Asks: 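The structure is given below, and queries will be raised subsequently.
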Number of protein chains: 2
Amino acid sequence: MASVTIKDIAQRANVSPATVSRVLNGRVWVSEEKRRAVNEWITKLGYKPNQVAQTLVGTRSFLFGLVVTDVSNPFFADIVKIVQQEAYLSGYGVVLCHTGASREMERQQIDSLLRRQVDGVIIVPSAPDAPGLVKLRKAHVPTVVVSQHHPGFDSVSVDHEAGGVMVAAHLLSAGHTSFAYFGKPDDAKLAGLRKEALSHGVSSDHIACVEVDYDSVETVDVEAAAKEFFHSATGRATTGIFALNDFVALAVINAAAECGRSTPEDLGVVGFDNTYLARIHRPALTSVVQPIPEMAHQAVELLKRRLNAAGPGSENSVAEPNAVLLHPRVVVRKSSSSRAESGELLEQGL
Amino acid sequence: MASVTIKDIAQRANVSPATVSRVLNGRVWVSEEKRRAVNEWITKLGYKPNQVAQTLVGTRSFLFGLVVTDVSNPFFADIVKIVQQEAYLSGYGVVLCHTGASREMERQQIDSLLRRQVDGVIIVPSAPDAPGLVKLRKAHVPTVVVSQHHPGFDSVSVDHEAGGVMVAAHLLSAGHTSFAYFGKPDDAKLAGLRKEALSHGVSSDHIACVEVDYDSVETVDVEAAAKEFFHSATGRATTGIFALNDFVALAVINAAAECGRSTPEDLGVVGFDNTYLARIHRPALTSVVQPIPEMAHQAVELLKRRLNAAGPGSENSVAEPNAVLLHPRVVVRKSSSSRAESGELLEQGL
DNA sequence: TTGAAAGCGTTACCAC
DNA sequence: GTGGTAACGCTTTCAA
């Protein structure tokens, strides 16, 4: 019942608990003889260090908090998966939290993380203002924000505007001259799309924005909005579609089909995130890739760097926040490739 | 820097640390006067109990381990999400672990959970033998197995065989008389399909099994296997398809299309899990629903029950394991509904 | 009703 | 090199 402790080992090996601790941590020299004796008993009794005690004495908890809105979204799921794996490789465990869309939930979950003494937090906010961030700042908990940039925080994100530019370039080269973006009007993706389109002589009225909700796995609202759009005058005239994520893109394709507009014959559609949805759907969906493994890796790296920087040496020297900006890439598939083949990579067989 | 502790409160409120602890836990009477003073300072200083210390003294860590193979699979993602939310409502945090398909990884991750003194573990094994379970058993950590049954463990799962029966009934009523199951030959889903089909006079050679891999988000292998099947003599003759999950079902639909067999005109296809993939694909996919919220809820409940049972009162009385068996349900959509409308629910508009 | 004090399992500082 | 021992923040006897 009662787990085997450092004292049990000490007793059996005829050394002090301190010595056992020393061989465990290996920072200080211990005589070969005692070291062997200790190790022997450790394996013999199956001793496993109690991380809780280790945490209490002031070293670290080796626990990260990971805060997302909804793992059901495969983009988040991939991030969660890879962050967890990366963290594990560095000896950290991951406490997962969902916030839904709720600001209140975000606050509560972050409170619970703080009580648990996590060493750091990785947060993927959905709303542009993450109310939990101020708590984290106040608690001096190293934090990195993924997929958005927040002044004063470490962050790793993808250049959404550049993504928009690439999508516009792709759709233009595929022969489209009128566009609709499905997402928030203030999104950098739209800004990029608009910038590139305008610079190619597209008139501003040929760039519409259909406002739809973020991140939800439910797409009924999106389909309704899309149908309404395709029945409108502008809707009937536009052929180049860009959506804030793959879900929305597919919902738009489906809605369009019900309005008699088929993809890719009548419409060129591009999604975002390049989740497996893009691969499995027919027509397969052109989508903008976020380099998730790279993002997750950088996030964990940034956190580890902070943790080490926060060590004894540089107590108060709050280093400048690091903002890593990664570049997107577009994977061209059927949904946007009827009119012309672009130079970008087209996945085989689709 | 140094967080505010119970001693700080005690000092300010002119009481002993013990008293502060008492008002915190509220199990013992403390005079109104002191109780107010303490509470006042608690809010004034923003005191938050240190769960690590609480854990060390021998109460609980209020941490569950949650072990899955891959959150990228939306079925697992939904489980993870709801388990986390349920756990949170009961005051528990969730440490997430991925095992991929690797038995070694499973062992390692579970070791790390044990070092972290988690109060219990919820595990969704992919392989029918979960090597980590023996570790958990040895460590006397309350464990509940989700989506499979393991003798000697609490478990909550869905009756896959019943699901197979329902699918067979549905496909039969839709006019299909020859079947293929995509999955493992020893799966209860296939057993159910077979049982029901045979009992309706279908001959055994009209029930094929195409063996494909579990749970991966990658479906290229599945598509290859499916194409091979549809080019074979049996393949050409079978029209009723049942797959171990929605991914595989969609891959089969896509592969079939490339072999000139369209769904639902030539094929009736049914998936499993009823993930949003089923809803968003065209044709929309008929699928067997696992009641995930119920499963997650039960899992957390079972764990809590164990934890309380393990309390001081009944130290060694290892209660009989509970095996909760839930019933599946089939949601009929386009992919299987050309030939006849069955009596089961058909989602609107699809 | 309340306070003093003994741990919980580790680490780290200080002597030897 | 190594052993004693005081923390870490909290809960829980045991007295008072």
Side-chain angles (χ1 to χ4, degrees), chain A residues 1-39 41-42 45-63 91 114-119 139 311-312, chain B residues 1-39 41-42 45-63 91 114-119 139 311-312:
Chain A
M1 194 86 265
S3 218
V4 27
T5 81
I6 220 173
K7 283 181 184 167
D8 301 321
I9 305 293
Q11 224 167 9
R12 303 293 203 294
N14 275 317
V15 297
S16 75
T19 300
V20 178
S21 175
R22 285 191 268 259
V23 342
L24 248 26
N25 302 320
R27 320 178 69 81
V28 186
W29 272 136
V30 176
S31 71
E32 237 351 87
E33 185 190 13
K34 310 212 164 191
R35 149 178 265 96
R36 253 222 316 285
V38 167
N39 280 323
W41 281 106
I42 283 180
L45 300 189
Y47 167 79
K48 296 269 169 25
N50 180 331
Q51 289 207 359
V52 173
Q54 297 185 140
T55 301
L56 187 59
V57 295
T59 45
R60 338 225 265 245
S61 68
F62 286 100
L63 234 32
L114 295 180
R115 277 195 300 274
R116 295 208 158 81
Q117 314 287 114
V118 296
D119 291 338
Chain B
M1 194 84 263
S3 220
V4 27
T5 79
I6 219 173
K7 282 181 185 166
D8 301 320
I9 305 293
Q11 224 167 9
R12 303 294 204 293
N14 275 317
V15 299
S16 74
T19 301
V20 178
S21 174
R22 286 191 268 257
V23 342
L24 248 27
N25 302 321
R27 320 179 69 83
V28 187
W29 271 137
V30 176
S31 72
E32 234 356 81
E33 184 190 12
K34 312 214 164 197
R35 150 179 263 97
R36 253 222 317 283
V38 166
N39 279 323
W41 282 105
I42 283 181
L45 300 188
Y47 168 79
K48 297 271 172 17
N50 180 330
Q51 289 208 358
V52 174
Q54 297 185 139
T55 301
L56 188 57
V57 297
T59 44
R60 339 226 263 244
S61 67
F62 285 101
L63 234 31
L114 295 179
R115 277 195 300 272
R116 296 209 157 79
Q117 314 288 119
V118 296
D119 291 339

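Chain A is the first sequence line, chain B the second, and so forth, proteins listed ahead of strands; every chain is numbered from 1. Owing to the predicted nature of the structure, the values given are computational and were not obtained by experimental measurement.
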Asks: Just one of B:Val4, B:Asp8, B:Ile9, B:Val20 clears the side chain to side chain contact (heavy atoms under 4.5 Å, CB included) bar with B:Trp41, so which one?
Replies: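 With B:Trp41 as partner, side chain to side chain contact (heavy atoms under 4.5 Å, CB included) holds for just one option, B:Ile9.
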Asks: In whole Å, I'd like the distance from the CG atom of A:Asn50 to the C1' atom of C:dT11.
Replies: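 Computing the A:Asn50:CG to C:dT11:C1' distance gives 13 Å.
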Asks: From C-beta outward on A:Leu56, which listed nucleotide comes closest to its side chain: D:dC8, D:dG3, D:dT2?
Replies: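 Within the option list, the nearest is D:dC8.
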Asks: Measure CG/A:Asn14 against C1'/D:dT2 and give the value in whole Å, please.
Replies: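 Rounding to the nearest Å, CG of A:Asn14 and C1' of D:dT2 are 13 Å apart.
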Asks: Could you check whether any side-chain heavy atom of A:Leu114 comes within less than 4.5 Å of a side-chain heavy atom of B:Lys48, counting everything from C-beta outward?
Replies: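 A:Leu114 vs B:Lys48: side chains apart.
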Asks: Given side chains that start at C-beta, do those of B:Val38 and B:Ile42 come closer than 4.5 Å, heavy atoms only?
Replies: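 Yes, side chains in contact.
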Asks: Can you measure A:Gln54 atom CD to D:dG9 atom C1' for me and round it to whole angstrom units?
Replies: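 Going from A:Gln54 (CD) to D:dG9 (C1'), I get 17 Å.
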Asks: Between B:Gly58 and B:Val15, which residue's closest nucleotide on DNA chain C lies nearer the 5′ terminus?
Replies: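 Between the two, 5'-proximity favours B:Val15.
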Asks: How many angstroms lie between OH in B:Tyr47 and CD1 in B:Ile6, if you round to the nearest 0.5 Å?
Replies: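 One gets 4.5 Å once the value is rounded to the nearest 0.5 Å.
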Asks: How many angstroms lie between CZ in A:Arg116 and CD in B:Gln54, if you round to the nearest 0.5 Å?
Replies: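 Answer for the CZ-CD pair, A:Arg116 versus B:Gln54, is 10.0 Å.
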Asks: Of all the nucleotides listed (C:dT11, C:dT2, D:dG3), which has the minimum atom distance to the side chain of A:Ser21?
Replies: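 The listed nucleotide nearest to A:Ser21's side chain is C:dT11.
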Asks: When the C1' atoms of the five terminal pairs at each end define the local axes, what inter-axis angle does the helix from C:dT1-D:dA16 to C:dC16-D:dG1 show, to 10 degrees?
Replies: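 Taking the rotation axis at each end, their angle is 40°.
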Asks: Check the distance between D:dG9's P and B:Tyr47's OH and give it to me in whole angstrom.
Replies: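 Spelled out: OH on B:Tyr47 to P on D:dG9 is 10 Å.
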Asks: Nearest to the A:Val57 side chain among C:dT11, D:dG4, D:dT11, which nucleotide is it?
Replies: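 Minimum distance to the A:Val57 side chain belongs to C:dT11.
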Asks: Would you kindly give the CZ-to-C1' distance between B:Arg35 and C:dT2, to the nearest whole Å?
Replies: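 Rounding to the nearest Å, CZ of B:Arg35 and C1' of C:dT2 are 13 Å apart.
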Asks: Would you say the side chain of A:Asn50 lies within less than 4.5 Å of the side chain of B:Gln117, judging by non-hydrogen atoms?
Replies: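 The answer is yes; the side chains approach within 4.5 Å.
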Asks: Rounded to the nearest 0.5 Å, what's the gap from NZ on A:Lys34 to OG1 on A:Thr19? Could you check?
Replies: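 Nearest 0.5 Å value for the NZ-OG1 distance: 6.5 Å.
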Asks: Can you figure out which of D:dG9, D:dG3, D:dA7 approaches the side chain of B:Thr5 most closely?
Replies: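 From the listed options, D:dG9 comes nearest.
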Asks: Measure from the side chain of B:Thr19, starting at C-beta and using heavy atoms only, and say which of C:dT2, C:dG9, D:dG3 lies closest.
Replies: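 That would be C:dT2.
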Asks: Expressed as a whole number of angstroms, how long is the span from B:Lys48:NZ to D:dC10:P?
Replies: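 Roughly 13 Å, once rounded to whole Å.
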Asks: Calculate the interatomic distance between A:Arg22 atom CZ and C:dT11 atom C1'; express it in whole Å.
Replies: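 Nearest whole value for this atom pair: 10 Å.
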Asks: Pick the closest DNA chain C nucleotide for B:Ala53 and for B:Lys34 by heavy atoms, then say which residue is nearer the 5' end.
Replies: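 Taking each residue's closest nucleotide, the earlier one in sequence belongs to B:Lys34.
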Asks: Among the nucleotides D:dC10, D:dG1, C:dT11, which one has an atom lying closest to any side-chain atom of A:Asn25?
Replies: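 Per side-chain heavy atoms of A:Asn25, the pick is C:dT11.
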Asks: Rounded to whole Å, how long is the line connecting atom CG of A:Asp8 with atom P of C:dG9?
Replies: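 After rounding, the gap between these two atoms is 9 Å.
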